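All remarks here apply to the structure that follows.
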Amino acid sequence: MSSKVLVSKADGVLELTLNRPEKKNALDIEMYDALTEALLDGLADPTVRAVLFLGAGGAFTSGNDLVDFMQSPPTSETSPVMRFLSTIASYPKPMVAAVQGAAVGLGTTLLLHCDLAYASETALFKMPFVQLGLVPEAGSSLLVPALVGHRRATELLLLGEKFGADEALRMGFVNAVVPTAELAATARAAAARFGALPPEAVRQTKALLRAAFPGLKETLSREGETFIGRLKSPETAEAITAFLEKRAPDFSRFA
Ligand code: COA
């Protein structure tokens with residue numbers, strides 16, 4: 001198991017901590033595989049009643065590792081990132097997130113698949129897919145407009161506008177905003193509440209709530225296919241090279 005994803009179990013909760021603080025917990029291939037494996041283990045373990053996602057070192061996650069996007073991009077729906085996305089999108093047990101600091105890309109879209117989410121005052125959300133020459137992922141092109149309406153979704157997905165914890169609460173990305181010192185305990189306590197509930201009724205209720213999005217699977221594959229194509233685009237090469245060179249991207253040469 002990767003040390004970049006810490007896995008533990010307590011009080012019926014499978015805790016998955018993103019632990020790559022020197023890169024703001026950017027998700028690399030090894031981490032996607034470790035997360036998917038741990039989620040599938042949790043599915044098979046009847047003592048696991050809920051999953052909790054946390055980030056180490058003051059950040060949640062800065063999203064997909066941009067070096068990996070350049071050097072070993074996903075190529076099909078069996079690639080590690082795509083497997084992880086389809087696992088969270090269809091996960092039958094409750095998932096909870098505790099977000100502090102940066103929650104970029106998947107750091108924000110993961111919350112769309114979590115049943116409960118808590119943010120500390122330091123949380124900063126952003127879905128900069130277009131800025132990277134990419135398109136929305138994780139079903140966000142369906143789930144974000146459903147959550148916030150088409151107008152606001154356009155600002156978040158097409159312009160890639162960032163937003164803080166209070167705005168995340170207002171829009172319904174999170175259930176509550178709490179002081180950083182209380183974040184992990186609040187999220188742990190919320191996740192542990194599932195342990196006292198009848199598990200089958202929880203799973204069936206979650207399935208009924210998710211049934212509101214019958215097109216999610218198809219959206220995921222359509223987004224995935226487009227995203228994989230975009231990763232080969234010169235626009236994305238410019239955006240990621242600029243990030244790694246710590247300069248502003250220049251898209252002026254593209255038509
Ligand atoms: N992929 C790869 N490396 C990343 C990364 C990512 N998604 N996010 C951060 N890092 C690296 C930085 O390159 C830097 O590495 P270095 O110390 O070797 O220079 C280190 O992590 C710390 O990041 P830094 O940018 O210095 O921290 P910050 O606090 O100033 O900013 C972020 C934090 C998250 C706002 C900023 O790093 C960022 O915008 N990252 C890219 C987010 C992104 O576009 N993700 C993809 C979404 S699909």
Side-chain angles (χ1 to χ4, degrees), residues 2 4-5 18-35 53-75 79-85 88-89 97 99-113 119-141 143-144 153 155-165 167-168 173 180 219-220 223-233 235-251:
S2 165
K4 290 182 272 183
V5 176
L18 309 175
N19 183 39
R20 199 186 172 204
E22 72 285 1
K23 296 289 179 191
K24 305 283 171 188
N25 303 328
L27 294 157
D28 64 13
I29 288 171
E30 185 186 323
M31 291 167 79
Y32 284 122
D33 279 341
L35 287 165
F53 292 101
L54 300 143
F60 186 52
T61 170
S62 57
N64 203 104
D65 187 299
L66 291 172
V67 177
D68 271 6
F69 265 170
M70 292 290 276
Q71 290 175 359
S72 17
T75 52
S79 294
V81 57
M82 300 301 170
R83 271 186 73 226
F84 173 68
L85 293 181
I88 55 168
V99 182
Q100 58 178 327
V104 186
L106 198 54
T108 299
T109 58
L110 172 60
L111 306 187
L112 301 166
H113 301 280
S120 88
E121 299 133 331
T122 62
L124 195 58
F125 303 86
K126 200 167 148 190
M127 295 176 281
F129 304 117
V130 170
Q131 278 97 329
L132 291 166
L134 297 169
V135 294
E137 39 86 302
S140 56
S141 60
L143 299 174
V144 174
E155 293 171 329
L156 303 182
L157 289 173
L158 206 47
L159 293 177
E161 275 186 7
K162 58 177 189 268
F163 53 98
E167 180 66 357
F173 277 86
T180 305
T219 302
L220 272 175
E223 286 176 353
E225 209 177 299
T226 316
F227 198 99
I228 285 170
R230 293 298 309 164
L231 279 168
K232 301 183 199 103
S233 70
E235 291 177 356
T236 294
E238 165 58 14
I240 296 182
T241 307
F243 173 77
L244 297 174
E245 289 175 355
K246 301 189 191 292
R247 63 169 172 84
D250 175 7
F251 301 116

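One-based numbering, in listed order, for ligands and for the atoms of each. None of the values given here were measured: they were computed from a predicted structure.
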Where does the angle between the aromatic ring planes of Phe125 and Phe163 fall among parallel (under 30°), tilted (30 to 60°) and perpendicular (over 60°)? parallel

Quick one: does atom 26 (O) of ligand 1 have a protein heavy atom under 4.0 Å from it? no

Could you walk me through whether His113 and Thr109 satisfy the side-chain contact (heavy atoms from CB on, under 4.5 Å) test, starting with their C-alpha distance in whole Å, then the side-chain angles of each, then the deciding distance to 0.1 Å, before giving a yes or no? CA-CA 7 Å; His113 301 280; Thr109 58; 5.7 Å; no

Are Lys246 and ligand 1 in contact, using a heavy-atom cut-off of under 4.0 Å? yes

Donor-acceptor under 3.5 Å (Glu238 side chain, Asp250 main chain): yes

Determine the sole option in Arg20, Lys4, Lys23 for which the salt bridge (charged side-chain N to carboxylate O under 4.0 Å, His left out) test with Asp65 is passed. Arg20

Identity and distance of the protein heavy atom lying nearest atom 29 (O) of ligand 1: Lys24 CE, 3.3 Å

Which residue supplies the protein heavy atom nearest to atom 12 (C) of ligand 1, what is that atom called, and how far is it? Phe243 CZ, 4.1 Å

Short version for Leu66: what comes under 4.0 Å of ligand 1, heavy atoms counted, is both

CZ on Phe69 to CG on Leu132, rounded to 0.5 Å: 8.0 Å

Identify the closest protein heavy atom to atom 21 (O) of ligand 1: which residue and atom is it, and at what distance? Lys23 CA, 3.2 Å

Non-hydrogen protein atom less than 4.0 angstrom from atom 32 (C) of ligand 1: no

Contact bool for atom 16 (P) of ligand 1 (protein heavy atom, d < 4.0 Å): yes

Tell me whether the count of non-hydrogen atoms from other residues, nucleotides or ligands lying under 6.0 Å of CD in Glu155 goes above 12. yes

Closest protein heavy atom (residue, atom, distance) for atom 20 (C) of ligand 1: Glu22 O, 3.4 Å

Take the angle between the ring planes of Phe84 and Phe53 and call it parallel below 30°, perpendicular above 60°, tilted in between. perpendicular

List the atom of Ala138, the atom of Leu85, and the distance in Å for their closest heavy-atom pair. CB-CD2, 3.8 Å

Ligand 1-proximal atoms of Leu132, by part, heavy-atom distance under 4.0 Å: side chain

What protein heavy atom sits nearest atom 7 (N) of ligand 1, and how far away is it? Asn64 O, 3.0 Å

Can you find a protein heavy atom closer to atom 35 (C) of ligand 1 than 4.0 Å? no

So does Arg83 have more than 12 non-hydrogen atoms from other groups sitting under 6.0 Å from CZ? no

To which of Ala26, Gly105, Ser62 does the heavy atom nearest atom 45 (N) of ligand 1 belong? Ser62

